[in-house]
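Along the sequence shown, the residues carry numbers beginning at 1.
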Amino acid sequence: MDSIKNLNWRYATKKFDHNKILTESKINILKESFRLTATSYGLQPLKMVVISNKTLQEKLQAATYNQKQIGTASHVLVLCIEKTIDTSYINKIQDLTKEIRNTPDTILEPYRNFLIDMFEKKSTAEIATWATNQVYLALGNLLTVCAQENIDACPMEGFEPKKYNDILKLDQKGLQATLVLPIGYRATDDFFADLKKVRRPLNEVVLEITE
């Protein structure tokens with residue numbers, strides 16, 4: 001029941017205590033949690049940028065409609081998609097699979113070819129949509145781990161991706177900013193911290209089919 005208790009504890013933090021900084025060990029847990037996130041086909045078409053420079057955070061806050069969570073958070077996580085998912089990228093992941101699992105080519109090659117053929121038929125927009133869906137998987141995983149570690153967080157879609165790309169020079173890294181997650185510790189005077197969680201009743205969101 002600790003998991004349920006922790007999920008009830010978490011909320012979209014509106015005000016962080018800027019004096020409280022996450023330890024390196026806590027950040028490392030989130031990094032590893034991101035790395036271990038499930039993704040479609042195991043292709044991991046995403047990267048996470050970790051920011052703790054306050055000057056940089058202020059610049060990003062201006063590109064987030066001046067939402068103060070960005071400037072006062074201990075760290076800001078920017079979840080990005082890889083802009084190029086092509087044959088070279090797929091081969092790199094499949095080669096890694098072969099290296100780690102020692103998978104025989106007789107097993108690996110048909111799957112490799114399947115992926116290459118499928119992605120060659122997709123448009124750039126279709127691939128971007130697919131990759132973005134994987135970022136949301138990572139976000140959900142990070143929010144759950146944050147709750148387990150008593151780290152406050154505020155998932156954000158409300159920002160200007162192009163400005164983020166420019167500020168962080170993401171285009172040069174082949175990345176596109178997709179979601180933002182400021183993390184840290186809630187301020188004692190955050191009004192939202194003590195509000196009751198609003199969720200639809202269990203019987204309205206879960207259907208059990210037994211026959």
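- At a threshold of 4.5 Å between side-chain heavy atoms, the hydrophobic network of Ile, Leu, Val, Met, Phe, Trp and Tyr places Ile81 and Leu175 in two separate groups.
- Below 30°, between 30° and 60°, or above 60°: for Phe159 and Tyr164 the angle between ring planes is above 60°, a perpendicular geometry.
- Under a hydrophobic clustering in which Ile, Leu, Val, Met, Phe, Trp and Tyr are joined whenever their side-chain heavy atoms come within less than 4.5 Å, directly or via other members, Trp9 and Leu22 fall into different clusters.
- In this structure, Cys146 and Arg10 have side chains that are not in contact, with every pair of non-hydrogen atoms separated by 4.5 Å or more.
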Starting from the C-alpha separation in whole Å, work towards a yes-or-no answer on side-chain contact (heavy atoms from CB on, under 4.5 Å) for Thr129 and Glu126.
CA-CA 5 Å; Thr129 297; Glu126 287 173 330; 5.8 Å; no

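- In this structure, the side chains of Leu43 and Phe119 come closer than 4.5 Å at one or more pairs of heavy atoms.
- What you find for Ala153 and Leu181 is that their closest heavy atoms are CB-CD1, 3.8 Å.
- Taking hydrophobic clusters as Ile, Leu, Val, Met, Phe, Trp and Tyr residues chained together by side-chain heavy-atom distances below 4.5 Å, Ile167 shares a cluster with Val78.
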Evaluate the criterion side-chain contact (heavy atoms from CB on, under 4.5 Å) for residue pair Leu170 and Cys80; output intermediate values, then yes/no.
CA-CA 9 Å; Leu170 296 180; Cys80 307; 3.9 Å; yes

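- When all heavy atoms are compared, the tightest approach of Arg200 to Glu204 is NH2-O, 3.3 Å.
- The shortest distance between side-chain heavy atoms of His75 and Pro182 does not fall below 4.5 Å.
- The minimum heavy-atom distance between Thr13 and Gln69, with the atom names listed, is O-CG, 3.4 Å.
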Which side-chain N or O atoms in residues 96-103 pair as donor and acceptor under 3.5 Å with protein atoms at least two apart or in another chain?
from: Thr97; atom 1: OG1; to: Ile93; atom 2: O; distance (Å): 3.1
from: Lys98; atom 1: NZ; to: Asp105; atom 2: OD1; distance (Å): 2.9
from: Lys98; atom 1: NZ; to: Asp105; atom 2: OD2; distance (Å): 3.2

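- Rounded to the nearest 0.5 angstrom, Asp86 CG and Asn91 CG are separated by 9.0 Å.
- Classification of Arg112 and Asp95 as a salt-bridged pair holds, one side-chain N sitting under 4.0 Å from a carboxylate O.
- Legend: ring-ring contact (aromatic ring centres under 6.0 Å, His included) pairs involving residues 177-201, not counting sequence neighbours: none detected.
- Although no hydrogens or angles enter the test, the distance criterion places no donor-acceptor pair under 3.5 Å between the side chain of Asp117 and the main chain of Asn113.
- Taken from CG in Leu77 to CE in Met156, the straight-line distance is 12.5 Å, to the nearest 0.5 Å.
- Note: the hydrophobic cluster containing Val76 does not contain Val135 (ILVMFWY, side chain heavy atoms under 4.5 Å, direct or indirect links).
- Checked by atom type, the side-chain pair Asp190/Tyr11 shows a donor-acceptor distance below 3.5 Å.
- More than 12 non-hydrogen atoms from other residues, nucleotides or ligands lie less than 6.0 angstrom from NZ of Lys122.
- Of all non-hydrogen atoms in Lys173 and Lys169, the two that sit nearest each other are NZ-O, 3.4 Å.
- Between Ala177 and Asn165 the shortest heavy-atom distance is N-OD1, 3.0 Å.
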With side-chain contact (heavy atoms from CB on, under 4.5 Å) as the criterion, how do Ile127 and Ser123 come out once you've worked through the C-alpha distance, each side chain's angles and the decisive distance to 0.1 Å?
CA-CA 6 Å; Ile127 293 175; Ser123 67; over 6 Å; no

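- Ring-plane geometry between Trp130 and Tyr41 is classed as tilted, the angle between the planes lying from 30 to 60 degrees on a 0 to 90 degree scale.
- Distance CD/Gln94 to CD1/Ile116: 8.0 Å, rounded to 0.5 Å.
- At least one donor-acceptor pair under 3.5 Å links the side chain of Gln61 to the backbone N or O of Gly71.
- The salt bridge (Lys or Arg N to Asp or Glu O under 4.0 Å) check on Asp189 picks up Lys15, with sequence neighbours excluded.
- Leu179 is not connected to Phe16 by any chain of hydrophobic side-chain contacts under 4.5 Å among Ile, Leu, Val, Met, Phe, Trp and Tyr, and they are in different clusters.
- Remark: the backbone N or O of Leu60 is not paired with any side-chain donor or acceptor of Lys163 at under 3.5 angstrom.
- In this structure, Ile183 and Asp152 have side chains that are not in contact, with every pair of non-hydrogen atoms separated by 4.5 Å or more.
- Between Lys162 and Glu160 the shortest side-chain heavy-atom distance does not fall below 4.5 Å.
- By the side-chain hydrogen bond (donor to acceptor under 3.5 Å, both in side chains) test, Lys20 pairs with no residue at all, sequence neighbours left out.
- The distance from the NZ atom of Lys68 to the NZ atom of Lys14 is 14.5 Å, given to the nearest 0.5 Å.
- With rounding to the nearest 0.5 Å, the separation of CG in Asp166 from NZ in Lys59 is 12.0 Å.
- Put simply, the side chain of Leu143 reaches to within 4.5 Å of the side chain of Leu139, judged on heavy atoms.
- Proximity of Thr132 to Tyr136: side-chain heavy atoms (C-beta onward) are separated by under 4.5 Å at one or more points.
- Side-chain N/O atoms of Ser3 and Gln148 include a donor and acceptor closer than 3.5 Å.
- Under a cut-off of 6.0 angstrom, the local environment of CG in Asn19 is crowded, with over 12 non-hydrogen atoms contributed by other residues, nucleotides or ligands.
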Apply side-chain contact (heavy atoms from CB on, under 4.5 Å) to residues Leu30 and Lys26 and explain how you reach the verdict.
CA-CA 7 Å; Leu30 295 182; Lys26 289 287 189 182; over 6 Å; no

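- Listed here is the closest heavy atom pair of Gly158 and Thr64: O-CG2, 3.2 Å.
- Alongside Tyr65, the hydrophobic cluster contains no other residue (criterion: ILVMFWY side chains under 4.5 Å).
- Asn8 places a side-chain N or O within donor-acceptor distance of the main-chain N or O of Ile4, the cut-off being under 3.5 Å.
- Atom CG of Leu142 and atom CG of Leu79 lie 6.0 Å apart (nearest 0.5 Å).
- At a threshold of 4.5 Å between non-hydrogen side-chain atoms, the residues Pro161 and Thr178 do not count as touching.
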Which atom pairs, one a donor and one an acceptor, fall under 3.5 Å between side chains of residues 46-56 and the rest of the protein, sequence neighbours left out?
from: Asn53; atom 1: OD1; to: Thr55; atom 2: N; distance (Å): 3.0
from: Asn53; atom 1: OD1; to: Leu56; atom 2: N; distance (Å): 2.8
from: Lys54; atom 1: NZ; to: Gln57; atom 2: OE1; distance (Å): 3.2
from: Lys54; atom 1: NZ; to: Ala73; atom 2: O; distance (Å): 2.6
from: Lys54; atom 1: NZ; to: Ser74; atom 2: O; distance (Å): 3.1

